[in-house]
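Order of the sequence lines sets the chain letters (A, B, ...), proteins ahead of strands, with each chain counted from 1.
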Amino acid sequence: MTKTFTPSRPIWCAGCGDFGVLQALVSALEELKIPPHERMVVAGIGCSGSLQNNLSCYGYHTLHGRVLPTVTGSKLANPELTVVGVGGDGDGYAIGGGHLVHAFKRNPGVTYIVMNNGTYGLTKGQASPTAPTGYQDNLEEDLDPVMLGLSIPGSTFLARAYSGQPAQLLDLTLAALKHTAEGGGMSYLEVLSPCVTYNDTYRDWRTSVYDVDAEEGYDPTNRAAAFTRMQELREEKRLPLGLIFKGQRHALESVALNKDFPAPALQDIGRPDISGVCNDALQSFIR
Amino acid sequence: MTKTFTPSRPIWCAGCGDFGVLQALVSALEELKIPPHERMVVAGIGCSGSLQNNLSCYGYHTLHGRVLPTVTGSKLANPELTVVGVGGDGDGYAIGGGHLVHAFKRNPGVTYIVMNNGTYGLTKGQASPTAPTGYQDNLEEDLDPVMLGLSIPGSTFLARAYSGQPAQLLDLTLAALKHTAEGGGMSYLEVLSPCVTYNDTYRDWRTSVYDVDAEEGYDPTNRAAAFTRMQELREEKRLPLGLIFKGQRHALESVALNKDFPAPALQDIGRPDISGVCNDALQSFIR
Amino acid sequence: MNNSTKPRLEDLNVIVAGQGGDGSLTVVNILADVLRTSGLRVYTERDVLSRIKGGITAATLRAYNGERLCISSHIDLMVAFDQAAIPKYAFRLNAKSIVIYDSSNGELTAESKLPEGVRLIGVPLSRYAVKNFRRDIYKNSISFAVIGRLIGLDDGQMKIAFDKRFGRRGAQALKYNLDALNVGCTLADDAGLTIGEGLFEIVATDSKAHMLITGNEAVAFGFAVAGGRFFAGYPITPSTDVMEWLVKWLPKFGGVVKQAEDELSAINMAIGAAITGTRTMTATCGPGIALMQEGIGQLGMAEIPMVIVDAQRSGPSTGMPTKPEQSDINLLCYGGAGDFPRVVLAPGNPAECFHLTVTACNIAEKYQVPVFMCLDQGLSQNTATVDPIDLSSVVIDRGGRLDAEQVSKLEVYKRYLHTDSGASDFAPPGTPGGMGLVTGNEHDEFGLVSTDPINRNKMVAKRQHKMVSMKPELPLAINHGVETADIGFIGVGMCYGVILEAIDLLAQKGILAQYHQVRTLWPMLDDTPAFTKRCPNIFVVEYNATAQLAKLIIAHGGEEENINNILRYDGIPMQAQDLVNSVISKLNLKEDEVA
Amino acid sequence: MNNSTKPRLEDLNVIVAGQGGDGSLTVVNILADVLRTSGLRVYTERDVLSRIKGGITAATLRAYNGERLCISSHIDLMVAFDQAAIPKYAFRLNAKSIVIYDSSNGELTAESKLPEGVRLIGVPLSRYAVKNFRRDIYKNSISFAVIGRLIGLDDGQMKIAFDKRFGRRGAQALKYNLDALNVGCTLADDAGLTIGEGLFEIVATDSKAHMLITGNEAVAFGFAVAGGRFFAGYPITPSTDVMEWLVKWLPKFGGVVKQAEDELSAINMAIGAAITGTRTMTATCGPGIALMQEGIGQLGMAEIPMVIVDAQRSGPSTGMPTKPEQSDINLLCYGGAGDFPRVVLAPGNPAECFHLTVTACNIAEKYQVPVFMCLDQGLSQNTATVDPIDLSSVVIDRGGRLDAEQVSKLEVYKRYLHTDSGASDFAPPGTPGGMGLVTGNEHDEFGLVSTDPINRNKMVAKRQHKMVSMKPELPLAINHGVETADIGFIGVGMCYGVILEAIDLLAQKGILAQYHQVRTLWPMLDDTPAFTKRCPNIFVVEYNATAQLAKLIIAHGGEEENINNILRYDGIPMQAQDLVNSVISKLNLKEDEVA
Ligand SMILES: Cc1ncc(C[n+]2csc(CCOP(=O)(O)OP(=O)(O)O)c2C)c(N)n1
Ligand SMILES: Cc1ncc(C[n+]2csc(CCOP(=O)(O)OP(=O)(O)O)c2C)c(N)n1
Ligand code: SF4
Ligand code: SF4
Ligand SMILES: [Mg+2]
Ligand SMILES: [Mg+2]
């Protein structure tokens, strides 16, 4: 076997929630028997953005905030890959906020896992978009990205887990990967993943999480009802966990690619088809 | 009186919806007796982004997509101005999509009017984020920015008008300006404003608009209910018009500024207070 | 055998002007097509505003018996759909020019600034359009008949051109336009322009079929032929046509085009595709290049191939969106945070746009660097006839791309292996055993983040060394004209056409000149500074205010004392005569001393 | 009267190293404070990683009886919380150095690469911390006692320093840390380091109180004093401290700070504030400057004043976020699409950071242009003692700002009026009668969009002319050292300190050298190319791989033949001795020939 990089040990602080996310992702990929060479793990910039170094995969470290355009491009170019984007809340909701909206809208076949700790860990604890009013002088109302996801008509899979509850985290990671593998398009999983150094929310979150998976009558296929429930729970200062919404729509790559060809990344382009399509194009200029 | 620029004649195509928006804004500003020198009209890039040239005001033409950060900065620097942002759907929802989320979250005291024509007028008719699937090969599901606004907990005023219905357009423009003038924070008004050249939707929209203002029992103060109604109407392929949501939250500038001082833009900074705060800061380095 | 007494139509320059939306471009396009079919080479240019309707705009055409990639300073024929357009372009007319104008609202007034001697033909175009077809826009087709008669097209030729143009818009559109053509013929008869009584005789010596193509189209076509299979972009004038051509064609090549929500997304989508081993391109202009700066640095650091088209327009900032400029040269060569390798190629005509795009794709992939295609609005959007491209000449070089078998034979695979060239072999994702980490952080050979100073020094050297190892493969300048001439021109993009014509005009005056056509702006190759040392009177012709190209050459050892600047930045394309005048005045010659 | 036999402590260099999170910086900071109180000047530096905990990191301190803005190559004392840190920094020790290390896990092994003769003091810091306080982190305070005893601080001094440091964290924190200090004293006793038996005697000749300040803090402070009232930014190492200082202080000045969602928002928020007539700043580094490129062009085109701080870090792209570099010089000077005026100022020390920020604010407002403050991680984040700034020297120049009365006296107000200087008087929004249009499109004097070529030419000239008219107000270079010396240095930012020390070291060897300290990088002022012509052996010292500063000077007429490059880009700060070595080897001198 060709030797390649040895996954490095995480550089996270002891107790960081991100360990749980890594663990769940590794387990889920193994459970689904996705071999390392078919995994494309694309990470943002932040403490969370080092996860790709800690498992066997094709890894890519994006620019800050650009996970979603990147994975969209990768998936369109090679839909045979299992493409997983990971990153932080600053990465995904602040600088990357616009892309989040458009990724939901596009529904590419990628899994996107956000490690939400309500802070900018790597730059030492400034308020992120999910930081509550008052954290570090934050004057703004915190964002609920799952509600945001619900508001985008193209979204098809919205879930939230808590790294303090590894069993559900693993289940939802599996469900997310499966949604995408089955052609459902983008699966979005937010993981509440405490930053023990700058925003240690373990105590708070332990009591405020609320599991909709366990709620009788909760219907994850009803967008409006899900939104209403999220709004209620927010007013009760609860943090909803579970599969919050699952809808149906074609994955972007299933409609964007010309099915007469192999995937763009896999085509043999070495010798242009000069008597075929190249010539057609040329003739179109002669008219 | 000092002479200054004469507002220029609009450069829009005959029949463009944007004429109605200009008309409504001018009427509303006059009705509210806001003198030209207190108006700060900030426009994006696009056909819509020339509106500021057509009325008496302090006008600023931003970079493409940057209306909302700009008006936020202007309002914080001088809250005495009536700050109005205007632009197109490409400007506000595509390149500016991230800022929209964060502006709702911040709730600065500005009015933001988007001329939504479902296309990029000025670059000749490509699909914008509100273009339906199928328009110009668009494979994506169209965005409903009002639903997006509902999903952001900080938002306080969300309305939609249609430039084909000028009376309601004027009413909502007035209501938006008033919400902000009364300290309510950001008022967001989307105007369906057809592009007769690249996406002539007059015929479609005339029949598909639906007025929630006229709907009995519609409660614009209930975020979740509003969302549900938007979702229903969307499924019925209707375009909801009216005051869709009005909430309460402090305007950003009311909490961000030090009330012991005049507004930043209005301070006399010519002679630094060297025995006061300047010296305090200096001493803090000597400790 | 030529026994006609009519002037030989070997160089016809026509301007069609009016309000935006009047359809001047359509008229010029049809005319270009007809003349091209008659064997002339054509070149068309546009002068439009950043608004959809209204304002004074124009389209210009040159038909020439040979290659000319610019409009002459002498306009033979003006067609004015709006009388207000006449004063704006009147300075380009001369005593022999003819003006066809819309007389629907009356005869031409005195304010039109026309030179003495111009022949005026008033035709009530709009009135007849509205009367017959209820739509003003048919004045285009009506006017075409008048133009055709004037220059000596026969009615059959015009009809064929209309079939071609309007046929694809459906039978009804075709019928109305043919009817309009007929109306026009009647009006032409009224104006005394009868069949066969045209003013010119078309003389063409080259009967082969030409392509009619813009620089943007040629770049897009080149990309597809070179195996480009992913394009992401965001609309912006004057680069949008690249995306639009690819939207239509790339799927037929098995590729995909994605319109992004902004330029940041565009370049990062393209990065996402590029890291899978797909040949990838994006296209934009100044504001977009500015927004892509961070992404471009990432390409340099993470060693990701990409071709980036800059269809430069008039800046800074939003500037004058529809006007040409070459003022992003600094940004392309010096932009981006930190030190990283990059290449900037500058074609001068559509054929080169095609071929240099192929080169760009090869260099980008082989050396894993960003390669810019430095165009300008003129080269990007003006159409020109081009000899059919020899597709068999296209060579694809994928560099050190590894397949599964090759990887399996390696003992160890390192994404950033140190090599002689600086570029490392690449196993695309999906290849068993080829896993690697790609990152914009400093990294070791496996791609693991590292700040070790020794590693850092080696990695910086690796990346920088590419600039050296690729040099032999980069396009050298082409020298046109007399190599020993004391007068030399340098210029890229849309300067190509005017410089070549200027050399001919100077030659007519007995002044020898040559053109050192730089094609690689970064890295600056040795031949250009050397040229500036060899040739004592050099004119660097460029479209910007600060002589960016000249300074770039000087910064690389060019001989400042031999260099003169010809700068233009008012949004108006230069004409060859402008260059001739500059040379003559610089050399202190009087027009009448020469020739 | 000095009758002590101990070495005089006039130049103490201490490195405290360990795992990230071990608190090395805290120890150094307290030590800096104590020594500063004793009258020495101090300078501290950090070597950290882009991760929050773990990895080998260090903080370094120099205490000197005079000004030294760099660490010496000879470290006197190393404190190692982790034995693994010793080999990484061992090369900076010499035979006279002392190493205090944590012996909780056993004695030091042989692999520590220490030079012969080093004195080793093992103290079980961590063990005692955990034993006594259940938290490892108290090893900091324990170690401090050992250091203090070693260098000759008395226990009272240490206690005072602890009161100052931990007092604000509450009584309990203070108590625990004082207890830890006591534990440390006991361990010091055990190690034979008893009170009054310190190794050095502190000698200080300057008893005035100094500020202890970083470049970032000084920029922030300068901005506030200069009337800056709006700051928008987005966190990024190493610029974040600018925002953090302002978050705390700007409201007290009546200003406001907004953390934006990204750099695009930051610069556009700042634009929004600036167009109301508020003095405005943003701060970032490479990746952020890259993202702000479009906004920067807008400032140039729309004539909007702004100060932009670039705290340069190691690039390209994400690079090595915590490491210093000076590789954005090209981007600052040549970035942005199109041609527009800009200014780049480069301070060399915190005091200059303050003063040049004031200048930057004035120039920006008066000429309505972007002004960059070109810093680097070292200058930005290292702390230095500085003479208290003379606040009364601050002069504010608001340029042509019009109030309501002035506007009312005008016949006509034009936002972009053509003037001699290129800058137009400005009526802030809210001023009756002063309405105008501000736009990044080309515009006429009123700000109405225009593509008229004559207007265009005038507007380009207007903007470009600012670069000429402002020149007399821009900071010239400062010449340090012997003006006739044949050896000259050029360098900016964190090179300042090493160059000045190198001149002293060379002087000790009998070699005369001077330092031409450029402070305005763009526009390049005439004094710098002139200097390069005058001085035959110039060493341009810079932190990048491609000699950006040297090339900038050469591109502006600098004498290439006189210029040698000293480049560093491995993330490690230079030391004065490195420059000395370069000079000696370049001049082909042997160390023993000189001195
Ligand atoms: C363009 C750009 N701006 C800013 C930064 C600095 N930066 C690095 S990580 C980060 C935020 C990290 O927060 P988050 O995404 O929540 O990740 P976490 O560290 O909390 O996991 C920022 C602002 C950057 N690398 N690039
Ligand atoms: C950074 C940047 N990218 C692209 C453009 C080109 N551009 C100008 S207007 C526009 C879109 C206009 O669409 P919209 O905002 O909907 O305005 P409309 O013309 O429809 O009113 C685009 C993409 C630009 N000016 N700047
Ligand atoms: S700083 Fe916070 S987010 Fe970063 S590794 Fe430590 S605990 Fe995790
Ligand atoms: S192109 Fe469309 S949006 Fe633009 S002015 Fe014309 S009708 Fe209006
Ligand atoms: Mg975070
Ligand atoms: Mg639009």
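When C/Gly297, C/Pro453, C/Ala555 are compared by the number of non-hydrogen pairs under 4.5 Å with chain D, C/Pro453 comes out ahead. Ranked by heavy-atom pairs under 4.5 Å with chain C, the first of D/Ala290, D/Gly315, D/Ser317 is D/Ser317. Top candidate by heavy-atom pairs under 4.5 Å with chain C, chosen from D/Ala545, D/Ala461, D/Gly338, D/Gly55, is D/Gly338. Chain D forms the most heavy-atom pairs under 4.5 Å with one residue out of C/Asp339, C/Asp328, C/Asn330, and that residue is C/Asp339. Interface summary for chain D: among C/Phe340, C/Tyr569, C/Tyr334, the most heavy-atom pairs under 4.5 angstrom belong to C/Tyr334. Each of D/Ala337, D/Gly571, D/Gly286 has some count of heavy-atom pairs under 4.5 Å with chain C, and the biggest count is that of D/Ala337. Among the candidates C/Gly336, C/Gly300, C/Gly335, the residue making the largest number of heavy-atom pairs closer than 4.5 Å to chain D is C/Gly336.
Neither the backbone nor the side chain of C/Ile289 comes within contact range of chain D; no heavy atom of the residue lies under 4.5 Å from a heavy atom of that chain. Looking at C/Ser450, the atoms closer than 4.5 Å to chain D (heavy atoms on both sides) all sit in the backbone: N, CA, C or O. If you measure heavy-atom distances from C/Arg313 to chain D, you find no contacts under 4.5 Å at all. For D/Glu560, no part lies under 4.5 angstrom from a heavy atom of chain C. Heavy atoms of D/Ile572 lying under 4.5 Å from chain C belong exclusively to its side chain. Using a 4.5 Å cut-off between heavy atoms, C/Lys551 makes no contact with chain D at all. For a residue to count as touching a neighbouring chain, one of its non-hydrogen atoms must lie under 4.5 Å from one of that chain's; by this rule C/Gln464 touches chain D with the side chain only. Using a 4.5 Å cut-off between heavy atoms, C/Leu332 does not touch chain D at all. If you measure heavy-atom distances from C/Leu49 to chain D, the contacts under 4.5 Å come from the side chain alone. Residue D/Arg568 does not touch chain C at all, counting heavy-atom pairs closer than 4.5 Å.
Between D/Pro316 and the choices C/Gln298, C/Glu442, C/Glu294, C/Met301, the side-chain contact (heavy atoms from CB on, under 4.5 Å) rule is met once, by C/Met301.
Summarising the geometry, atom NZ belonging to C/Lys88 is positioned 8.5 Å from atom CG belonging to D/Asp452; distances are rounded to the nearest 0.5 Å.
Of all heavy-atom pairs spanning C/Leu331 and D/Gln293, the tightest one is CD1-OE1, 4.1 Å. Nearest approach of C/Thr451 to D/Met320, heavy atoms of both residues: CA-SD, 3.6 Å. Residue D/Pro321 comes nearest to C/Asn441 through the heavy atom pair CD-ND2, 4.2 Å, listed as atom of the first residue, atom of the second, then distance.
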